[in-house]
Structure formats: C-alpha cells, structure tokens
S.K.: 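Take this structure first; my questions come after.
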Amino acid sequence: MNTAFSTTDTPPPPPHDDRSAISGKAVRPGDRIFLGLSRGSGIALLVIMAAIAGFLTYRSVLAISGDKANFFTTLDWNASGAEPKFGIAVLAFGTVVSSVVAMALAVPVAVGIALFISHYAPRRLSSTLGYVIDLLAAVPSIIYGLWGALFLVPHLTGLYTWLDDYLGWTGIFEYGGGAARSLFTVGILLAIMILPIVTSVSREVFLQVPKMHEEAALALGATRWEVIRMSVLPFGRSGVISASMLGLGRALGETMAVATVLSPSFLINASLLDPGGGTFAQNIASKFSEADQFGQDALIASGLVLFVITLLVNGAARLIIARRKEYSGAAA
C-alpha cells in the first residue's frame, strides 16, 4: 500500500544578525542608558576641567597684568601694596623640593612594604598590615600637621646635627641651629602622608602578577628575590609609577600639614635644613583670608602654576607608562 505525502518547501528562517552585539553597539534600552550616562560623565569631566582652567587663567591674567615685578623670578609676595610686587620663585622651589624629598623617602619604603605584604608576610600578618596601611590613608591632614609640629619638629634636632656632621660639607645639609621647621621636615612629613597611598596601590598591583610567571621562575630554580626582580617588579612597574604619581599629587597640593610645620619666609636657602621657604598650597591657605580682590587674583595665579605643574607631572607619568607597558608583562 503506497501512501503519498505532499510536502511544501518552507524557506529557512533568516539567520540572526549578531553584528550589533559583536560591535558593542547599544541595542537594548538599558545599554543605551548606560552608554549615555558614561558618555555624559566623560564629557562633564572635560567641561569641568576646562571651566577650572578658564577661571584660573582669567583671574591670573588680571593679577599678572598688574604685577610690578617679574611673576616668575621675584623673591617676594606683596600683592596688597600700593605697587603690588609678587612672584612664585620661592613657592615653586619649596613645592618642588619638599615633594622630591617626600618621594625619595616614601617610594622605596612603600614598595618594600607592598612586596612584604604581598609576597613575604603570612596571610594573617599581611591582612593586619594592609588594614593598618589603609587606616593611615584615612587620617586627616591636620592631624598629621599637629603631630609634625608637636612631635616631629622637636625630635629632628639630633638628625639635623648628624646630617650636618657628615654631610654638611655639601652645603645642602648644613645646619645652623634653631627649630627644625624647614623644607626637609616638610618632606619627611609628606613622605609619611603619601606612604599609605603608594603602598596600597603598589600592593594591589603586585597581587595581580600571574601566578604562572612566579611558578615558572621558581621551577627554573630562581630564588624568591629573583622571582620578584624578574617577574613581579617588571609586571608592576607601570602600577608603581601610577601609585607614585598619586602620592606626588597629594604632596604637591598638601596644605594644612605644611602650614602647621613650616616656618614660612620668602627666601631660597641653599641648605634644606635652614628654616623658611614656602609652597603654593601653604601660601594660598595662609594669605587668602586677609587678601583683597587683587591679592586673591594673585593667589589664584599661583594656583594656576600649581595646576599646570600637576598636569605636566601626570602627563609625563602617562608617557612613561605607555613607553614601558610592552615591557611590563601585562600583555602576557
């Protein structure tokens, strides 16, 4: 018995087009909203930065045009006089020197602490040390300033005397006596303040090193230090640079701690141990309340210089990271 079946050929359904999903285009309402918020946040950040730069530039032009002295080389600050004369030479010198001292003291110690926490300390001890480091980062700057003025300054006389005895011949560490309210003291205090930031970021970077890199080095007979030198440090170099730049940003803009410790004067001393000097942030904080309209414009002009220095430092850091990224092992 033959049975005939009639079949009708139906065309297959069209294949689903996944090109929009592959290209990352927003096709769902939630994706579109998130894309709009993210893009708007980025644009808002650029607008805010441009607005800050425009405001600082406008007020700075008003001040510099009325300055009767050279804004970049004058060793004086008298913006409220009959003939205003002010310059940033002392402020730029003090800001750069104190920040360099802070970085020279803090970064090696911070990297050592981060390596100890991530690769040497037992788990319980490393978690405790990590908590303490994070807690130090939350201490207000005025607390550091009070501690520096009441404890650090009186106890640095012995160190200053030792530096004068052994390194005073250089002129940089010549000590003539008096209270230790100098740029070197400010640098030590700033080093203590930026230490938690650099340590925390460096620790997290070192913990991201691929375990296969470390295990491969150990399998080849490398010691613990050789593993760190050949695997951990190259991988985390860009992260350490970023952490250092975060610390440097805080050191450049620190206000209350510096104002509490430093004995301000508009003099550039050859020795780092001589009292006196000044920084941009300290000068703005100490003079802004008593300044008239033109004096405030002058302080804003000095703030613009600090703003430009910060941008240049961060730009240089990004260039260094971009040039060394291929050697960091991050792409492996």
S.K.: Distance from Ile197 atom CD1 to Met193 atom CE, nearest 0.5 Å?
M.R.: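 With rounding to 0.5 Å, CD1 (Ile197) is 8.0 Å from CE (Met193).
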S.K.: Supply the members, apart from Val47, of the Ile/Leu/Val/Met/Phe/Trp/Tyr cluster built from side-chain contacts under 4.5 Å; use none for a lone residue.
M.R.: Ile43
S.K.: Could you check whether any side-chain heavy atom of Val101 comes within less than 4.5 Å of a side-chain heavy atom of Leu272, counting everything from C-beta outward?
M.R.: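 Answer yes - side chains close enough.
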S.K.: Between Thr74 (side chain) and Phe71 (backbone), is there a donor-acceptor pair under 3.5 Å?
M.R.: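 No; judged by distance alone, with no hydrogens or angles, the pair does not exist.
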S.K.: Any sub-3.5 Å donor-acceptor pair from Tyr166's side-chain atoms to Trp169's backbone N or O?
M.R.: no
S.K.: Would you check if the side chain of Ser99 reaches a backbone N or O of Val96 as a donor-acceptor pair within less than 3.5 Å?
M.R.: no
S.K.: Taking the side chain from Ser98 and the backbone from Thr95, do they hold a donor-acceptor pair closer than 3.5 Å?
M.R.: yes
S.K.: Return the CG to CD1 distance between Leu152 and Ile192, rounded to the nearest 0.5 Å.
M.R.: 6.0 Å
S.K.: Hey, does Leu246 have a side-chain heavy atom less than 4.5 Å from the side chain of Val198?
M.R.: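 No. Closest side-chain heavy atoms not under 4.5 Å.
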S.K.: Got a second to check how far Lys287's NZ is from Gln296's CD, nearest 0.5 Å?
M.R.: 13.5 Å
S.K.: Hey, does Ile194 have a side-chain heavy atom less than 4.5 Å from the side chain of Leu248?
M.R.: no
S.K.: Look at the side chain of Arg181 and the backbone N and O of Val261, then say whether any donor-acceptor pair between them is shorter than 3.5 Å.
M.R.: yes
S.K.: Between Phe294 and Phe86, what is the ring plane arrangement, given parallel below 30°, perpendicular above 60°, and tilted in between?
M.R.: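 Perpendicular: the ring planes of Phe294 and Phe86 meet at over 60°.
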S.K.: So does Pro275 get a backbone contact from the side chain of Asn269, meaning a donor-acceptor N/O pair under 3.5 Å?
M.R.: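 Here the side-chain-to-backbone pair exists.
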S.K.: Check whether any side-chain heavy atom of Tyr160 lies under 4.5 Å from a side-chain heavy atom of Asp164, and answer yes or no.
M.R.: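 The answer is no; the side chains never approach within 4.5 Å.
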S.K.: How about Phe184 and Leu156: do any of their side-chain heavy atoms sit closer than 4.5 Å?
M.R.: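 Phe184 does not reach Leu156 side chain to side chain.
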S.K.: Between Glu226 and Thr223, is there a donor-acceptor pair closer than 3.5 Å when you use the side chain of the first and the backbone of the second?
M.R.: yes
S.K.: Among Val209, Val227, Ile228, which residue meets the side chain to side chain contact (heavy atoms under 4.5 Å, CB included) test with Leu233?
M.R.: Ile228
S.K.: Glu214 side chain to Lys211 main-chain N or O, any donor-acceptor pair under 3.5 Å?
M.R.: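 Absent.
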S.K.: Under 4.5 Å between any side-chain heavy atoms of Val90 and Phe93, yes or no?
M.R.: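 Side-chain contact under 4.5 Å: no.
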S.K.: Enumerate the residue pairs fulfilling side chain to side chain donor-acceptor pair (under 3.5 Å) with a member in residues 124-144, sequence neighbours excluded, ordered by first and then second residue.
M.R.: Asp134-Ser200, Ser141-Glu254
S.K.: Not counting sequence neighbours, list each pair that qualifies as a salt bridge (Lys or Arg N to Asp or Glu O under 4.0 Å) and has a residue in residues 58-81.
M.R.: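 Found Arg59-Asp297.
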